[in-house]
Each structure stands twice: as structure tokens, then as C-alpha cells.
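Note sheet for the following structure.
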2 protein chains.
Amino acid sequence: MSNRKLNNYISVDCVIFGFDSEKLNVLVVDRTLKADDGSDEFSDLTLTGNHIYEDETIVEAADRILYDLTGLRNIYLEQFKTFAAPDRLKKENDRKWLLHDNRDPDKRIVSIGFFALLATQKVTLEWKGRNVRWMPVEEVGELGFDHNLILSEALVAMRNKLIHEPIGFELLPDKFTLSQLQKVYEIILDTTFDKRNFRKKVGRMKYLIPLDEKQKGVAHKPARLYMFSREVYEKTRKEILNFLV
Amino acid sequence: MSNRKLNNYISVDCVIFGFDSEKLNVLVVDRTLKADDGSDEFSDLTLTGNHIYEDETIVEAADRILYDLTGLRNIYLEQFKTFAAPDRLKKENDRKWLLHDNRDPDKRIVSIGFFALLATQKVTLEWKGRNVRWMPVEEVGELGFDHNLILSEALVAMRNKLIHEPIGFELLPDKFTLSQLQKVYEIILDTTFDKRNFRKKVGRMKYLIPLDEKQKGVAHKPARLYMFSREVYEKTRKEILNFLV
DNA sequence: TTGTGTTAGTGTTATTTATACACTTTTACA
DNA sequence: TGTAAAAGTGTATAAATAACACTAACACAA
């Protein structure tokens with residue numbers, strides 16, 4: 001084993017999940033570059049990442065990246081894992097991109113991985129003219145760098161969290177129906193729930209606040225709208241210790 | 001905001017928890033250094049950390065650190081969070097240590113935090129003559145760098161995991177009694193459980209294997225010994241989706 | 001050898017939660 | 001005014017949780 005200590009690049013990568021009431025999507029950056037002679041073009045899809053600046057904390061960097069891409073603040077954002085395999089930059093395309101960015105492709109890049117949750121409708125993709133787009137998680141093919149690994153670990157972490165804590169709300173608009181909420185869980189956990197039992201269960205959650213407001217313009221019985229109260233949740237969560245689940 | 005990209009030191013810090021059938025301990029390094037003239041001595045307590053070498057993955061570095069300090073391999077080890085506030089090295093003592101280690105105290109150090117779980121009895125502290133010792137988590141005072149923060153976040157992550165997944169076993173010897181297991185949960189979660197109900201609950205877990213073996217040399221009815229089967233656990237865990245806990 | 005201290009080990013009942021299952025209501029639109 | 005489409009609602013059975021107290025087996029001391 002070599003004993004050489006390394007200086008490393010640090011990057012914060014955000015796996016931004018967006019739910020569109022049909023499926024789970026992830027925000028990807030589409031990069032295409034032409035060589036000087038206009039011929040030797042290379043392109044790829046990646047997750048959204050950036051450096052940490054000198055006077056930033058990790059969370060500030062993640063918030064900034066999220067804001068740059070979506071124009072949104074106060075979005076659910078969680079650090080889930082850090083990645084730094086020495087050989088994570090082996091692909092030829094990756095090397096080209098690193099050189100293009102003035103980074104040494106033989107140097108390790110440490111990625112601090114975050115995942116964010118939001119409703120796709122909240123985002124205006126034209127924001128700042130960045131070339132980003134939603135891609136259904138099911139349809140994601142090969143990504144640049146080791147972003148397929150980061151995405152799949154983000155999915156594991158997100159599903160795990162979804163099972164144990166009420167974060168399904170974060171994937172919906174501020175006001176949502178119980179059917180929408182059920183669908184979030186069904187799609188992300190790839191299962192189905194009985195409607196009545198699901199409603200009994202979430203009905204016990206004090207932080208799920210029923211509003212005096214209904215859906216409008218739907219061609220069926222309009223559903224009551226609900227919202228999530230973070231305040232009530234923080235208050236009650238301490239009382240509930242789900243030993244050994 | 002400054003736009004200067006930084007190169008950063010990366011370190012892997014391990015919060016090594018050890019249970020001694022009475023309380024939860026953490027392994028700390030006691031460093032004392034004399035200045036050249038023998039007078040200007042400075043010392044501190046820190047968690048156990050080290051660099052990542054050039055050809056190592058993060059996990060390999062964490063395993064190596066754990067092995068260096070305890071002589072043990074195949075110990076439960078989990079990456080829980082990465083730390084990198086820009087002002088985390090403000091204490092005067094920290095600056096001295098960084099200078100002593102030939103590191104620039106104005107440069108950011110990114111710490112990738114792991115926690116490890118084991119029974120204190122497994123460790124021979126004299127291993128390699130490192131100056132480490134067990135300290136009850138309750139009694140930990142001020143640590144060097146931002147290690148108090150790292151420790152408290154490790155505790156949160158570990159308790160959280162303990163509630164949702166069967167990792168209590170990892171804090172016990174390979175063969176253990178049900179009373180010992182109960183005590184792990186009671187002490188770490190700071191609560192008490194009814195003995196019969198606890199046994200009914202863990203009795204349902206297929207991965208808790210009763211052995212045809214009893215305690216010896218105890219001045220009371222000897223308890224049956226059990227062991228944890230990771231195999232059985234991995235097999236059954238997929239079946240159990242604890243939706244919304 | 002007998003007694004004492006100490007922890008192991010076990011069952012029942014009442015309450016709460018989980019599961020399985022089908023019909024009526026309300027709206028938009030043709 | 002009929003039709004399509006999702007909303008909303010109750011009951012019965014099974015399973016899990018919670019509360020509660022005594023006997024069994026050993027080491028050691030008297």
C-alpha cells in the first residue's frame with residue numbers, strides 16, 4: 001500500500017427526486033461539448049453536483065446547488081453517503097470532462113451525496129437556462145462518473161427513510177389528497193395498499209392536517225386536501241419510540 | 001461569497017462504540033506531546049481517525065483504522081455522515097496539532113464519519129501500544145477538533161439504526177444471553193422493557209439462534225446462550241417491509 | 001448440608017393494531 | 001341525464017402489544 005497522503009477535490013452531488021403523480025423522476029444534467037474543429041463531440045448525462053466554496057458548509061453547498069438548478073429553497077435535502085473509490089473516474093468520457101474542467105483525472109474526487117425530494121411541478125426547468133431535465137428513475141441509462149452507483153444508493157437510502165419517517169409528503173405539492181399520498185408510497189416502495197387500511201393508518205398521524213378545501217376541476221368526486229405539519233411532527237415524534245419496529 | 005475552489009484534506013474518523021454489559025463506551029485516543037525543551041506540553045482526547053491512502057476505498061480506510069486500534073477485523077462498521085464546516089478547526093489546541101502533523105490549520109479537513117459496534121471484551125487495548133482507552137459515553141468531556149459534534153451525531157445515527165434494525169447483537173460477544181441483549185437496548189435507548197414481552201418479541205426473530213449451551217460459573221441460574229445469524233437475517237429482511245413503522 | 005442471594009425463565013388477559021373485503025357518493029363531461 | 005372515475009366509508013377476524021408475579025437453578029457462605 002502506498003503511504004502517500006492525498007489532497008482531494010470535494011464535490012457535493014445532489015440526487016434530486018421529483019414525483020409527478022405517476023412516477024419517480026430524477027433531475028439529470030445533459031452536457032454536450034463540441035471539440036474546436038466542431039467534429040469531436042462528446043456528451044453525457046450526470047447528476048447535479050458542484051464544488052464546496054471556501055466559506056461554505058456542506059449543507060450550504062447542497063442548498064446552493066439545489067437552488068441553482070430549481071430556483072427553490074427550503075426543499076427536503078438529506079446527506080446520505082460519501083463516495084470516494086480510487087478508481088471511480090476510469091471511463092474515457094469522464095477523463096475528457098475532467099480535463100475540460102481543468103481537473104486532474106488521476107486525482108480522486110470525493111463526492112458527498114445528498115438526496116432531495118420535491119414535486120416536479122414546483123420546478124421551472126428553464127430557470128437560469130441550465131440544461132437539466134426530469135428522467136424517470138426506471139429509464140435512467142448509463143450516467144457519467146459513478147453516478148449510477150450514487151443514484152442507486154440514494155434510492156436505497158430514500159426508500160429506507162420513507163418506510164421509517166413521514167417524508168412522502170415532501171414529494172407532493174403543499175396540499176395533497178390521501179390518494180396522492182398513497183400513490184407515492186405504492187410507487188416508490190413498489191407495492192400496493194388497501195385504501196381503507198391506508199387511510200386508517202395515516203388518520204392516526206396528528207401531523208397530517210385535513211383542510212376545509214377540496215380538489216377542483218376533476219371529473220369525479222373531488223377529494224379533500226391535506227397538508228403536513230412539520231411542527232406537530234417534531235412535537236410528537238419524541239413520544240413515539242418504535243422499538244425494533 | 002468567495003469563488004475559490006479548494007483542495008481539501010480528507011480524513012476518515014471512526015466512532016468506535018464498545019459495550020461492557022454495564023454501559024456504552026467510546027474508544028478515545030489520548031495524545032500528549034512535549035515541546036523540544038520539555039516544557040510546553042499540550043494534550044487532548046480525540047476520536048480515532050486517519051487519512052485515506054492513495055489506493056484505498058473509504059471503507060478500506062475505515063477498516064484499517066479499526067484494525068490498527070483494536071486488532072480486529074469484520075467488525076460492524078457504518079458510514080453515517082461527513083463533516084466539513086469551514087470553521088471546525090478554530091481551537092488553539094487543534095491548530096497546534098495540525099501544525100505538528102504538517103497540515104495547514106487554515107485548510108479545511110473533510111471528515112467522513114463511521115461508527116463501529118463491538119463488545120469491549122473483544123479488544124486488547126495494548127495492541128500496537130497505541131494510547132487508546134475506553135471512555136463511558138456519559139463521561140466524555142471536551143474532545144479535540146469538532147469530535148464532540150461527530151460523537152453526538154454518531155450517537156443519533158446509531159440509536160436510530162438500533163431501533164429499526166437488529167444491530168444490538170453487534171455490541172455483545174458472539175454468544176450472549178437474552179438478558180444481555182435486553183440490557184443493550186435499555187441502556188442505549190435509555191428505557192426499560194418488560195422481560196416477558198421483550199422475550200416474546202425477540203422470540204419471533206428467526207435470526208436469533210438459541211444454542212444448546214449455557215452460561216458457566218455464574219452464581220445464579222445459568223442462562224441459555226444465543227447467537228445472531230446474519231444469513232437468516234438477510235434472507236428474511238426482504239419479506240418484512242415495515243411500512244410507516 | 002442447608003440457607004441465602006441472584007438472575008433465568010415462563011402464561012394469561014385486556015387492549016390495540018393489522019388485515020381482508022364491497023358498496024355508495026360526487027363530480028365532469030358526453 | 002347517463003356514464004366514467006375516483007372518493008369515501010365499516011366490520012369482523014387475526015395478530016401484536018402491554019401489564020403483571022411466581023418458580024427454577026446455580027454459587028457461595030455459614
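Lettering follows sequence order; numbering is per chain, from 1. The basis for the numbers below is simple: all heavy atoms, side chains too, and nothing from hydrogens, waters or symmetry mates.
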- side-chain hydrogen bond (donor to acceptor under 3.5 Å, both in side chains) partners of A:R199, counting only residues at least two apart: A:S179
- Message: Salt bridge or not between A:R73 and A:D63? Use side-chain N to carboxylate O under 4.0 Å.
- Response: no
- Query: Hey, does the side chain of B:R199 come within less than 4.0 Å of C:dG9's phosphate (OP1/OP2), counting only N and O?
  - Reply: yes
Please list, for nucleotides 12-17 of chain C, all pairs of protein and nucleotide N/O atoms separated by less than 3.5 Å.
from	atom 1	to	atom 2	distance (Å)
C:dT12	O4	B:K200	NZ	2.9

- Query: Rounded to whole angstrom units, what separation is found between the CZ atom of B:R196 and the P atom of D:dA19?
  - Reply: 12 Å
- Note on the structure: Closest non-hydrogen contact found for B:Q182 with B:F198 is CA-CZ, 3.4 Å
- Query: Is the closest basic N to carboxylate O distance between A:E234 and A:R230 below 4.0 Å?
  - Reply: yes
- Atom-pair distance (NZ on A:K195; P on D:dA7), nearest Å: 6 Å
- Can you tell me how far C1' of C:dA22 sits from CG of A:D194, to the nearest Å? 11 Å
- Query: Where along residues 172-180 of chain A does a heavy atom fall under 4.0 Å from DNA chain C?
  - Reply: none
- List for me each residue that meets side chain to side chain contact (heavy atoms under 4.5 Å, CB included) alongside A:K81, sequence neighbours excluded, and say none if there are none. A:F83, A:E153, B:Q79
- Residues A:V110 and A:A84: closest non-hydrogen pair is CG2-CB, 3.8 Å
- Task: Take nucleotides 24-30 of chain D nucleotide by nucleotide from the 5' end and write B, S or -, depending on whether a protein heavy atom sits under 4.0 Å from the base, only from the sugar-phosphate, or from neither.
- Result: BBBS---
- So with a 6.0 Å cut-off around NZ of A:K23, is the heavy-atom count from everything else above 12? yes
- Query: Do other residues, nucleotides or ligands put more than 12 heavy atoms under 6.0 Å from the NZ atom of B:K122?
  - Reply: yes
- Message: Set out, in order, the CA-CA distance, both residues' side-chain angles and the distance that settles ring-ring contact (aromatic ring centres under 6.0 Å, His included) for A:F193 and A:Y185, then state yes or no.
- Response: CA-CA 9 Å; A:F193 297 103; A:Y185 284 93; 7.1 Å; no
- Could you tell me which residues satisfy side chain to side chain contact (heavy atoms under 4.5 Å, CB included) with B:R224, sequence neighbours excluded, listed by chain and number? B:P210, B:D212, B:Y226
- Query: To the nearest Å, how far apart are B:L225 CG and C:dG9 C1'?
  - Reply: 14 Å
- Quick one: do the A:Y207 and A:E231 side chains pair a donor with an acceptor below 3.5 Å? no
- Message: Nearest whole Å is fine: how far is D:dG8 P from A:F198 CZ?
- Response: 13 Å
- Query: CZ of A:F193 versus C1' of C:dA18: gap in Å, rounded?
  - Reply: 13 Å
